[in-house]
Asker: 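Could you have a look at this structure, given as structure tokens, before my questions?
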Amino acid sequence: MASRRPIVSDPLPAWLARSPRSRAARRIAVQPPVDFPARLSPTSGMAKKTQDFVCQGCGATYTRWQGKCDACGEWNTIAEEGTATERILSAGPGRPPRKGKPFALQPLAGEQREAPRIASGNGEFDRVAGGGLVPGSVLLVGGDPGIGKSTLLIQIAGALAGAGHRSVYITGEESVAQVRLRAERLGLTALPVELAAETSVEDIIATLSQGKIPRLVVIDSIQTMWTDMVESAPGTVTQVRASAQLLIRFAKRAGSAVILVGHVTKDGQIAGPRVVEHMVDAVLSFEGEGGHHFRILRAAKNRFGATDEIGVFEMTGGGLAEVANPSAIFLSERELGAPGTVVFAGMEGTRPLLVEFQALVAPTSLGTPRRAVVGWDPARLAMVLAVLEAHCGVKLGGYDVYLNVAGGLRIQEPAADLAAAAALVSSLAKTPLPADAVLFGEVSLSGAVRPVAHAPARLKEARKLGFGRAVVPEATRGAEQDGLSLAPVATLADLVARILPGERGGRREGRAAAPAARPGGGGPG
Ligand code: TYD
Ligand code: MG
């Protein structure tokens, strides 16, 4: 049947024409043949003034207001905007659509060149960016207000200017005097960064196009920018998107690397950076916990590099300092010998990272016990709890469970399952684990401990930081390092039996199973 269908179809396909009584056939038959999108058709060239309701979080549009955005699930983010996207997208009032010019298509094989990079000299930033800034690329750096985005980027602009590149910092949030004040605090005033407090994208592009093309342009922030192209107020999705589009076009044309700052907002007052995420080459998020000095730069998307690298900084009186050895920092405030704390040997991109997992398991006074997680995936906690219950006889139904990753780090690896489980059991049993042990391993739903990638790198880092033993998946046996002994476990029940010796295989429930605290000893290995 299918082979008899015409390849170039008439307005009415032959198979429909043969059954004129079908409703679909009649509906299709009255449609005129469509040659080009209605938006570009000569008759609709006039920009139509319409009102749209646009989600300020993700940019989804609706024809009428509603409380919840169906696209991103946020509440109260939809606001009315006079849409002007029509004007950008259409060929202009009354102008016929441009005739396309044919271009040559290329084979897959051929000359290829690594994108050249401009290293900023800031090792942590360059690593996350994929080895430096790519000329003509556009980066979006998102993060909560006050997290340190402006501080980081004026430092990067300073570093590039110091290396002899033209680097321009445009602020739409602060005055020139405020930026100067910060630069003074950071000791950057001697560097030839060119500065302006401007918000009109047309003026900015006109200025940047004069003289030598800048290597780096920082726009702080994209939400304060506006363009004459569209009529909406600054900060709306339409403005943010149109401004970003113009700046991206400038970057590609001029070959400058452009960094856009975007605030993450919850209240929907100004458009979130999510609306430009798909337009830029890389999206970096700058994160940190309120009470901590550590800041983590993480790539969420990168067309020119890996997305699992992180950069670690410390906010000091003199700006953001690179943290070259994050494991040492994350473990510096460890409480040795406390039940419920273990050290996880993790990986962030190509770099091993040791971090402390802390658990508190306490009898609940509520009908439904609480499960609270900071820095780890709640779904994985639920899974580990289920496996502990189903395969290890550790019942935590009557207990509140709190799990925290120290230092404000967010761990995403499944390799942390074993460490989380050990912290939970250690807290429940009030038994501290040996202070010189690290753990890693993925726990499967059957209770088996599965191997994880980069075991040698994890062990080497543990060795470097003075750890003496490692609890690892069975498959990692044999990867011993000098001075580091391995304690392979095949199943989660094995690990539980080592933390709670003498109770192997027995059902244990909560407090009844918890032996008295035995400081310092009896743990794995
Ligand atoms: P900022 O870069 O203005 O944040 P953002 O641009 O993301 O809104 O950083 C503001 C915070 O950083 C502010 O709370 C003060 C702190 N800070 C320092 O601790 N040390 C410094 O040297 C600087 C410049 C800022
Ligand atoms: Mg700022």
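When reading the values below, keep in mind they use all heavy atoms of this one structure, side chains included, and skip hydrogens, waters and symmetry mates. Numbering of ligands and ligand atoms starts at 1, following listing order.
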Asker: Would the number of heavy atoms belonging to other residues, nucleotides or ligands and lying under 6.0 Å from CD of E202 be above 12?
Answerer: yes
Asker: Tell me whether T151 has at least one N, O or S atom under 2.8 Å from the Mg ion (ligand 2).
Answerer: no
Asker: Taking 4.0 angstrom as the limit and counting only heavy atoms of G318, give me the atoms of ligand 1 inside it, by number and element.
Answerer: 22 (O)
Asker: Which atoms of ligand 1 sit under 4.0 Å from any heavy atom of G319?
Answerer: 21 (C), 22 (O)
Asker: Under 4.0 Å from a heavy atom of P145: which atoms of ligand 1 are those, numbered in the order shown and with their elements?
Answerer: 8 (O)
Asker: What residue and heavy atom of the protein are closest to atom 6 (O) of ligand 1, and at what distance?
Answerer: S150 OG, 2.6 Å
Asker: Is R298 paired with E348 through a side-chain N to carboxylate O contact shorter than 4.0 Å?
Answerer: yes
Asker: Donor-acceptor check, side chain of Q223 to backbone of V240, threshold 3.5 angstrom: yes or no?
Answerer: no
Asker: Would you indicate which of T151, L152, L181 comes nearest to atom 2 (O) of ligand 1 when only heavy atoms are counted?
Answerer: T151
Asker: How far is atom 12 (O) of ligand 1 from its nearest protein heavy atom, and which residue and atom is that?
Answerer: M315 CE, 3.2 Å
Asker: Taking side-chain contact (heavy atoms from CB on, under 4.5 Å) as the criterion, tell me which of V258, V138, V276 meets it with I248.
Answerer: V138
Asker: Any carboxylate oxygen within less than 4.0 angstrom of a Lys/Arg side-chain nitrogen, looking at E413 and R380?
Answerer: no
Asker: Which is closest to atom 3 (O) of ligand 1 by heavy-atom distance: R182, K149, Q155, E174?
Answerer: R182
Asker: Here's a test for you: under side-chain contact (heavy atoms from CB on, under 4.5 Å), which of L381, N404, V401 qualifies with V373?
Answerer: L381
